[in-house]
Amino acid sequence: MGSRTNLDALNDRQREAVVSDDKRLLVLAGAGSGKTKTLLQKIIYLIEEKGVNPYQILAITFTKNAANEMIDRLIMSADESKEYEKQIFKKGLTAKDKRNLRLDFQRKYSWISRLTIKTFHSFCFTVLRTHGVNEFDNKFKIIGEEKRAEEDDLSVYLAPITVFEVFHKLLIEQCSDTDYLIRLKRYILDYFVDQIHIQNHNKENLPKDGKYYTALNGTRVRSKSEQYIADWLYRHNIKFEYEPKVNIRDFEFHPDFYIPEANLYLEHVSNLSAPTAGKEEQFRKGNIHYVKTYESMARDSALFNAALDKIIKSRLPANYSKTVALSYQEAFHRYHEQVTDFIQQVMRVLDMIKVENKDISDVTERARKDQHERVRHFYELALPVMIKFRDYCVNKSFLDFNDLITRCISLFRNSPEIAQIYRDRYRYILVDEFQDVNSLQVDLLKLLLTDSSQLFCVGDDWQSIYGFRGSNVGYIVEFEKHFDNARTVKLNLNYRSTQHIVQASNEVIKNNKFRIDKEIIASKKSEHKIVIYAGRDEWDNVEFCVKKVKELIQENVPVDEITFLYRRSKMFQEYSKRFKLEQLNVQGRTIHAAKGLESSVVFLIGLTEGSGGFPDIWLEDRIFQVVKKANYDLLMEEERRLFYVAITRAKDKLFLITRLGQESSFLREIPEMYTVRVSDLLKPVVDRVIICSRCYSQLEKLWIVCPYCGNPVPQ
């Protein structure tokens, strides 16, 4: 097999986890504590020391990159020549080159090729292709959000159309029903264009001309009841002019509506209307047809319809046709962006329904009882398209990524003999990043387990940051509740970060209530404290960061070891522009994208309180709450875990960038003993200790130069 299992390279907790025979074991691994190393050593230990057939081992990851990394590290452990390590990290190697190289070396070490190391999706794909014929067409294609998959081995099986394209196509088909089209257009205009549900609370967004509502034909009108009249005219294919300029005899004025085909003016009278006596006198003088409707009529839609029928239709020409031949393209040609937003909401709801393993009809019943008209109307419009999408995918033999798991679960439940094939084969199941599992994935794991098989899960509840994608931190926090006779081993030695970073992160995460207690200890010692820089404005912060990056480069810190992290991509825009001007080439990533990575130096920017800062808490649209209710406290805890992930990416130096008077509440959760606060061109805010102005190390009183960076100490 190559190198022997090296248990001596493990610390006590890692060794305990690797040699454990527990049937259900959770390895609770703090940031930088060597969790992947522990999982890989478990695989090698099972094969070398326990004589387990590699064919019986299933290792599950969340991303293809993580699976590839696991395979790479196993090959490197076996390859005494170091040839693989030399080749796989060559610059300019394409993904295809790496894949071929990986396959060649896997074949060279047959024990590695006999292991099953897959993502949840890739595993389910293989099951359904091999044994799923009774559950679904086993020649299915995968339909996703892109026309290529993150998983190279699944890309060739992708459908030639995306989820969005199918939804768009089906929405257009649904709009061949004129009633549906008009209801959809009304919804789009009300809630995406006029945003009447928001404007009621925000007067600044209201149009200055007082025309707050958009009619179906795009005309802006002043009231809901006027909008109703305009929409009635539109639905009946009756052309109209809104507030036309009229000068009959004595003065110019603007009646509410003019209907040319009936040669009729209509004035709608409400508490917003100006006195109409003067207008009426002018109509009489000009012998012009003129009628009035009243706000009281508008409160009863049946009464209002009848009144409009009586007032208007009797005046139309005998050959008038009331049929409306509307097309989707005509109705929405000015509203493509808003329709796209609507479709994406429908897609998100369907995705949530699948992840939460709920029935569409049950969700719709809950929506039907919702107290808000907007929510009820959304589901009335969304349900037919979701059902069409489901039927379309079945007809075309398409499965999306959630379907891969749900269909696999269904196969195992409906065909126990198939499930038994996999239970008999996989006696050892290892799961990486267990904090990211959702309910579907846990159901799948339980269907694969027997009383005699081993489940070895590695994860960190403090790093659970994908709740918005359906992951549930409860499965790792309450592991022993979900898996009988389970035991937990805590890896508490951090090999990545310095003691100030580790201790600060420990203190921050203690503010979360829903977590497992553990005290992470740093193996690295350093005098460098965490730097908190509070600029007067964003320009100030950018200037500080540019200066520090230049200093770090002069100190021979590699550029690719300096990373900027942020909660939202827009936070980095001003920094990115300035770095380009300065020809500084500085990695920028969202915190989510940086999960699992590390850098010598990390700048965490945008640490301000309030909207657009960090924490960034918002309770999502009530539409989504129908499927799964949000909890503000739990959302706040996930934001804090995200902050924890961000600061623990730093190996040596950490800079936290905020603004004076607008500091993030997370900064207040870091004890002062681990930080130095600077502003106004690097001048320390507090002067209790002597701090180096360049590297921020703590200095003794009599030192003339900083022993860490050589910077002169002001006397």
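- Under the rule for a side-chain contact (heavy atoms from CB on, under 4.5 Å), the partners of Glu69 that lie at least two apart in sequence or sit in another chain are Arg73.
- The closest donor-acceptor contact from the side chain of Glu165 to the backbone of Thr162 lies under 3.5 Å.
- For Ser599, the side-chain hydrogen bond (donor to acceptor under 3.5 Å, both in side chains) test picks out Thr563, with sequence neighbours left out.
- A parallel orientation is assigned to the rings of Phe572 and Tyr566, their planes being inclined by less than 30° (bins at 30° and 60°).
- Evaluation of the side-chain contact (heavy atoms from CB on, under 4.5 Å) rule for Asp370 yields His372, Val375, Arg376, Arg622, Val626 as partners, not counting sequence neighbours.
- The backbone N or O of Ile521 sits nowhere less than 3.5 Å from a side-chain atom of Asn494 that would complete a donor-acceptor pair.
- With Asp540 contributing its side chain and Arg536 its backbone, the two residues share a donor-acceptor pair below 3.5 Å.
- For the atom pair Asp652 CG and Ser600 OG, the distance stands at 5.0 Å (nearest 0.5 Å).
- Atom CD1 of Ile465 sits about 5.0 Å away from atom CG of Leu642, to the nearest 0.5 Å.
- Not counting sequence neighbours, the partners of Asp616 by the salt bridge (charged side-chain N to carboxylate O under 4.0 Å, His left out) test are Arg568.
- A donor-acceptor distance shorter than 3.5 angstrom exists from the side chain of Asn541 to the backbone of Thr658, with no hydrogens or angles considered.
- We find the CD-CD1 distance between Gln435 and Ile516 to be 10.5 Å, quoted to the nearest 0.5 Å.
- Between Asn511 atom CG and Phe643 atom CZ the span is 10.5 Å, to the nearest 0.5 Å.
- Considering every non-hydrogen atom in both Ala534 and Leu660, the closest pair reads O-CG, 3.4 Å.
- With hydrogens and angles disregarded, no donor-acceptor distance shorter than 3.5 Å links the side chain of Asn472 to the backbone of Asn438.
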Task: His377/Tyr187 under ring pair (Phe, Tyr, Trp, His ring centres under 6.0 Å): CA gap, chis, key distance, verdict - done: CA-CA 7 Å; His377 285 180; Tyr187 183 89; 7.3 Å; no
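- Every side-chain contact (heavy atoms from CB on, under 4.5 Å) that Glu555 has, sequence neighbours left out, goes to Glu551, Leu552, Lys653, Arg694.
- Pairs of residues two or more places apart, or lying in two chains, that qualify as side chain to side chain donor-acceptor pair (under 3.5 Å) and include a residue from residues 638-648 are Asn512-Arg640, Arg567-Glu639, Glu638-Arg641, Arg640-Glu669.
- When all heavy atoms are compared, the tightest approach of Gln463 to Gly30 is NE2-C, 4.2 Å.
- At most 12 non-hydrogen atoms from other residues, nucleotides or ligands lie less than 6.0 angstrom from NZ of Lys513.
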Open item on the list: Could you walk me through whether Phe192 and Tyr335 satisfy the ring pair (Phe, Tyr, Trp, His ring centres under 6.0 Å) test, starting with their C-alpha distance in whole Å, then the side-chain angles of each, then the deciding distance to 0.1 Å, before giving a yes or no?
Closed with: CA-CA 9 Å; Phe192 287 91; Tyr335 305 111; over 10 Å; no
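- Remark: Lys35 engages Glu433 in a salt bridge, criterion side-chain N to carboxylate O under 4.0 Å.
- Under the 6.0 Å distance and 45° angle rule, Arg220 does not count as a cation-pi partner of Tyr212.
- Without hydrogens or angle criteria, Arg649 side chain to Leu597 main chain gives a donor-acceptor distance under 3.5 Å.
- In summary, Glu243 and Lys211 engage in a salt bridge, as defined by a charged side-chain N under 4.0 Å from a carboxylate O.
- Between the Ser664 side chain and the Phe614 main chain, a donor and an acceptor come within less than 3.5 Å of each other.
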Side chains of residues 602-612: which donor-acceptor partners sit under 3.5 Å, not counting sequence neighbours?
{"unit_1": "Glu609", "atom_1": "OE1", "unit_2": "Ser665", "atom_2": "N", "d": "2.7"}
{"unit_1": "Glu609", "atom_1": "OE1", "unit_2": "Ser665", "atom_2": "OG", "d": "3.4"}

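- Every residue was checked against the salt bridge (charged side-chain N to carboxylate O under 4.0 Å, His left out) condition with Arg469, not counting sequence neighbours, and none meets it.
- Among residues two or more places apart in sequence or in another chain, the side-chain contact (heavy atoms from CB on, under 4.5 Å) test is passed with Lys224 by Asp190, Ile196, Tyr213, Gln227.
- One finds the OG atom of Ser505 at 10.0 Å from the NZ atom of Lys510 (value rounded to the nearest 0.5 Å).
- Listed by chain and number, the residues in a salt bridge (charged side-chain N to carboxylate O under 4.0 Å, His left out) with Lys354 are Asp400, Asp403 (sequence neighbours excluded).
- Using modelled atom types, one finds a donor on one side chain and an acceptor on the other under 3.5 Å when comparing Thr214 with Asp194.
- Between Asp72 and Lys98, no side-chain nitrogen of the basic residue sits less than 4.0 Å from a carboxylate oxygen of the acidic one, so the salt-bridge criterion is not met.
- Across all non-hydrogen atoms, the minimal contact from Ile520 to Val502 is O-CG1, 3.4 Å.
- In summary, Arg677 and Glu663 engage in a salt bridge, as defined by a charged side-chain N under 4.0 Å from a carboxylate O.
- In terms of modelled atom types and a separation under 3.5 Å, the side chain of Ser576 and the main chain of Gln573 share no donor-acceptor contact.
- The side-chain heavy atoms of Ser33 and Leu493, taken from C-beta on, include no pair separated by under 4.5 Å.
- Annotation for Asn585: atom CG does not count as buried by contact number, only 12 or fewer foreign heavy atoms lying within 6.0 Å.
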Open item on the list: Before you tell me yes or no, could you show the steps for Glu538 and Arg659 under salt bridge (Lys or Arg N to Asp or Glu O under 4.0 Å), namely the whole-Å CA-CA distance, both residues' side-chain angles and the distance that decides it to 0.1 Å?
Closed with: CA-CA 8 Å; Glu538 202 62 4; Arg659 287 190 193 173; 3.2 Å; yes
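- When atom types are taken as modelled, the side chain of Thr219 and the backbone of Ala215 share no donor-acceptor pair closer than 3.5 angstrom.
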Open item on the list: Walk me through whether Tyr475 and Gln441 qualify under side chain to side chain donor-acceptor pair (under 3.5 Å).
Closed with: CA-CA 11 Å; Tyr475 288 116; Gln441 291 155 345; over 6 Å; no
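- Nearest heavy-atom pair across Ala382 and Val346 is CB-CG2, 3.9 Å.
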- [ ] Show your reasoning for whether side chain to side chain contact (heavy atoms under 4.5 Å, CB included) applies to Leu350 and Phe167.
- [x] CA-CA 11 Å; Leu350 184 58; Phe167 265 107; 3.7 Å; yes
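- His592 pairs by the ring pair (Phe, Tyr, Trp, His ring centres under 6.0 Å) definition with Tyr466, Phe468, not counting sequence neighbours.
- Counting only distance, with no hydrogens or angles, the side chain of Gln587 and the backbone of Asp560 share a donor-acceptor pair below 3.5 Å.
- Remark: Thr36 OG1 to Leu39 CG distance equals 7.0 Å, nearest 0.5 Å.
- The aromatic rings of Tyr575 and Phe564 are tilted relative to each other, their planes meeting at an angle between 30° and 60°.
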TODO: Go through Phe655 and Tyr533 one step at a time and tell me if the ring pair (Phe, Tyr, Trp, His ring centres under 6.0 Å) criterion holds.
DONE: CA-CA 7 Å; Phe655 295 87; Tyr533 180 76; 9.5 Å; no
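- Of the options His500, Arg496, Lys651, a side-chain contact (heavy atoms from CB on, under 4.5 Å) to Lys524 is made by Lys651 and by none of the others.
- Under the rule for a side-chain hydrogen bond (donor to acceptor under 3.5 Å, both in side chains), Tyr708 has no partner lying at least two apart in sequence or in another chain.
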